[in-house]
Amino acid sequence: MNRKLNVCIIQSPMNPDTVESLQYLKEQVKRVMGGYVKPELIIGVEHGLGRQVHRIPSEITDFLGGIKVEIFSKMHLKVVWKLLRMRNLYGCI
């Protein structure tokens, strides 16, 4: 099997504010996932979510999971829309 893993590394600014760091991360993930080649794995750097220690699970993991749900639900809608257009145009599916 000749398959490669697409990985994205997001370098966050060293910001002590967790809320600003999360917003920055969300914007960068949306930008990366809007490209042609979409990564299967996105890696952040140490202290990318501020300098506080966060438990797992917590509000932070809920927020990160929300980013995934928001992005992938929009991607899914685009695929469904394309399939419906193909059905109308070509009478297939």
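Source: prediction; values computed, not measured.
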(message) Please check if the number of heavy atoms outside E59 that lie under 6.0 Å from its CD is greater than 12.
(response) no

(request) Determine, stepwise, if the pair T18 / I60 fulfils side chain to side chain contact (heavy atoms under 4.5 Å, CB included). (result) CA-CA 9 Å; T18 303; I60 301 296; 3.8 Å; yes

(request) Only counting residues at least two apart or in another chain, list the ones meeting side chain to side chain donor-acceptor pair (under 3.5 Å) with Q11. (result) none

(request) List the steps, then state whether side chain to side chain contact (heavy atoms under 4.5 Å, CB included) holds for N6 with C8. (result) CA-CA 7 Å; N6 293 314; C8 171; over 6 Å; no

(message) Determine whether V29 and M33 satisfy the following criterion, side chain to side chain contact (heavy atoms under 4.5 Å, CB included), listing intermediate values before the conclusion.
(response) CA-CA 6 Å; V29 169; M33 294 305 288; 4.1 Å; yes

(request) Over all heavy atoms of both residues, which pair between P13 and Y24 is shortest? Give the atoms and the distance, please. (result) CD-CE2, 3.4 Å

(request) Output the distance between atom CD (Q23) and atom CD (E20), rounded to the nearest 0.5 Å. (result) 9.5 Å

(request) Sort out for me which residue in I9, V32, L5 forms a side-chain contact (heavy atoms from CB on, under 4.5 Å) with P39. (result) V32

(message) I'd like to check V7 versus I43 (side-chain heavy atoms, cut-off strictly below 4.5 Å). Are they in contact?
(response) yes

(message) For E70 versus K30, what's the shortest heavy-atom pair and its separation?
(response) OE2-NZ, 2.8 Å

